[in-house]
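Take a look at the structure below.
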Amino acid sequence: YLLDAAEIVRRERPDSRLVMILSREPERQYRRIARRLATLGDHVVLVESVPRHELPSYLLGADAVVVPSLSEGFGYSAVEAASLGCRVIATSGHATEELLHGIATFVPPRDPNALARALLDPPVHAPGCQGEK
């Protein structure tokens, strides 16, 4: 549904780009997403998992970090992004919501329209990450 949301965002902001950092595991899911990406054009870029020491540079270059998890445990990705001062948009209904209440924007799981709206709505704070770029 993140890819569905990206298509909605692109209609309103044609110059937008989604950079997905995605592990190759589980392989079946990775292949499914890669096939779908091939149909979306150049506004979605797939980056295979990056070394941990390179991740902050990707996060700090983003206007928002989206964590559309359906089964998030603790929410490390969202917490790490928030600790850098990034605007975080995540799905509701798991521990991340408690950890980042008042800091992140939460949307219902599996709702591309709500996710797109969160991406398109102006942030409460300054856009993007506040750390060193």
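Only heavy atoms go into these numbers, but all of them, side chains included; no hydrogens, no water, no symmetry mates.
In this structure, the side chain of Thr91 engages the main chain of Ser69 through a donor-acceptor pair within 3.5 Å. Of the possible donor and acceptor atoms, none in the side chain of Arg17 sits under 3.5 Å from a partner among the backbone N and O of Val45.
To the nearest 0.5 angstrom, Ser49 atom OG is 7.0 Å from Leu22 atom CG. Distance check, rounded to the nearest 0.5 Å: CG of Asp111 to CG of Asp4 gives 10.5 Å. Considering CD1 of Ile21 and CG of Leu55, their distance stands at 5.5 Å, rounded to 0.5 Å. Between Leu59 atom CG and Ser83 atom OG the span is 8.5 Å, to the nearest 0.5 Å. Taking CD1 from Ile8 and CG from Asn113, the interatomic distance works out to 4.0 Å, rounded to the nearest 0.5 Å. The distance from atom CZ of Arg36 to atom CG of Leu46, rounded to the nearest 0.5 Å, is 13.5 Å.
Residues Asp121 and Arg87 share a closest heavy-atom pair of O-NH2, 3.2 Å. Between Ala114 and Pro108, the shortest heavy-atom distance links the atoms CB-CD, 3.8 Å. The shortest heavy-atom contact between Phe106 and Leu100 is CE1-O, 3.8 Å. The two residues Arg10 and His43 make their nearest non-hydrogen contact at NH1-ND1, 2.9 Å. Between Arg24 and Tyr30, the closest heavy-atom pair is NH1-CE2, 3.2 Å.
Using a 4.5 Å heavy-atom cutoff, the side chains of Val107 and Tyr1 are not in contact. The side-chain heavy atoms of Ile103 and Val88, taken from C-beta on, include no pair separated by under 4.5 Å. Side-chain contact between Met20 and Leu3 is present, with heavy atoms from C-beta onward closer than 4.5 Å. Residues Arg13 and Leu119 form no side-chain contact, since every pair of their non-hydrogen atoms from C-beta on lies 4.5 Å or further apart. A heavy-atom distance below 4.5 Å is not found between the side chains of Val9 and Leu18.
In the hydrophobic clustering of ILVMFWY residues, with side-chain heavy atoms under 4.5 Å counting as a link, Leu40 and Val66 come out together.
A salt bridge links Glu27 to Arg31: one of the charged nitrogens lies within less than 4.0 Å of a carboxylate oxygen.
Residue Arg110 qualifies as open at atom CZ: its count of foreign heavy atoms under 6.0 Å is 12 or below.
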